[in-house]
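What follows is a set of notes on a single structure, which appears directly below.
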Amino acid sequence: KNGTIDVTSENDSQDHISLKDSKQPRKKRGRYRQYDHDILEEAITMVMSGKMSVSKAQGIYGVPHSTLEYKVKERSGTLKTPPKKKLRLTDTGLFSMTNSGTN
C-alpha cells in the first residue's frame, strides 16, 4: 500500500521478552574474610609510614588491596564517606524517655 512496509508481525509479542526474566540472579556475597589482627595492623603501619606501597603490602601480608587501601584512608581521614557510627540508645537520650508518663 503506497510503498509502505508493514513491519508488525504475529511474533512481536514473543520477541519482546523482558530483560528482567533473562537476568541471572546475583550470587550471594560470602562472609567477610577474617585476617589476623596483628598482620593487618602491621600491613597498615607499613603503608602509612611510607615504607611499603599498598600493592607490595598486599603481596607480602596477604590482605586484599582494597581492604588495605580502605583501612589506610580510614585512619588518615581521607575517606570520601566516613563510616557511620552506630548510635546507642543511651547516647540519644531516648533511653531515659521510654518510661516517662507512667508515674
Side-chain angles (χ1 to χ4, degrees):
K1 305 172 193 173
N2 285 348
T4 59
I5 302 170
D6 185 14
V7 292
T8 59
S9 70
E10 296 173 16
N11 293 335
D12 269 359
S13 61
Q14 292 174 354
D15 290 344
H16 298 294
I17 298 172
S18 68
L19 291 176
K20 68 178 182 179
D21 294 337
S22 62
K23 279 188 178 178
Q24 295 293 324
R26 174 188 259 178
K27 290 184 179 179
K28 291 187 179 180
R29 297 175 195 251
R31 294 178 182 262
Y32 286 110
R33 284 177 41 192
Q34 299 297 310
Y35 310 105
D36 182 289
H37 181 73
D38 295 333
I39 290 174
L40 183 59
E41 285 297 320
E42 188 175 334
I44 293 167
T45 303
M46 293 299 273
V47 172
M48 289 187 77
S49 68
K51 294 180 182 174
M52 202 175 284
S53 69
V54 173
S55 298
K56 188 162 186 159
Q58 165 194 351
I60 292 174
Y61 295 102
V63 178
H65 187 280
S66 56
T67 302
L68 269 177
E69 194 171 57
Y70 179 85
K71 295 287 186 185
V72 168
K73 285 181 179 180
E74 183 180 46
R75 291 190 185 185
S76 62
T78 58
L79 269 182
K80 287 184 181 177
T81 53
K84 294 179 181 176
K85 302 270 186 187
K86 292 182 181 178
L87 289 177
R88 293 183 303 209
L89 211 50
T90 54
D91 292 344
T92 61
L94 294 175
F95 184 74
S96 59
M97 294 171 44
T98 54
N99 288 333
S100 64
T102 55
N103 290 345

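Since we're looking at a predicted model, the values are computed, not measured.
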field: Minimum-distance pair of heavy atoms, taken over all atoms of Val54 and Glu69
entry: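 Answer, listing the atom of Val54 first, then Glu69: CG1-N, 4.2 Å.
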- request: Say whether Leu79 and Val47 are linked into one hydrophobic cluster, either directly or through other cluster members, by side-chain heavy-atom distances under 4.5 angstrom.
  value: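 No; Val47 is not reachable from Leu79 via cluster members.
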query: Honestly curious: do Met48 and Ile60 fall in one hydrophobic cluster under the side-chain, below-4.5 Å linking rule?
result: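 Shared cluster, yes.
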message: Run the side chain to side chain donor-acceptor pair (under 3.5 Å) test against Thr78 and tell me which residues pass, sequence neighbours left out.
response: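 Side chain to side chain donor-acceptor pair (under 3.5 Å) check on Thr78 returns Ser76.
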message: Distance check, rounded to the nearest 0.5 Å: Ile44 atom CD1 versus Thr67 atom OG1?
response: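 Reported to 0.5 Å precision, the distance equals 9.5 Å.
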message: Just verifying a value: how many Å separate Met46 CE and Leu68 CG, rounded to the nearest 0.5 Å?
response: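 These two atoms lie 12.0 Å from each other.
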field: Qualifying residues under side-chain contact (heavy atoms from CB on, under 4.5 Å), relative to Ser49, sequence neighbours excluded
entry: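 Partners of Ser49 by the side-chain contact (heavy atoms from CB on, under 4.5 Å) criterion, ordered by chain and then number, come out as Lys51.
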task: Taking the side chain as every heavy atom from C-beta outward, state whether Lys56 and Ser53 have any pair of such atoms under 4.5 Å apart.
output: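 Yes, at least one pair of side-chain atoms sits under 4.5 Å.
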message: Please list all pairs meeting side-chain hydrogen bond (donor to acceptor under 3.5 Å, both in side chains) that have one or both residues in residues 33-48, counting only residues at least two apart or in different chains.
response: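 Of all non-adjacent pairs touching residues 33-48, those that pass side-chain hydrogen bond (donor to acceptor under 3.5 Å, both in side chains) are Glu41-Arg75, Glu42-Tyr61.
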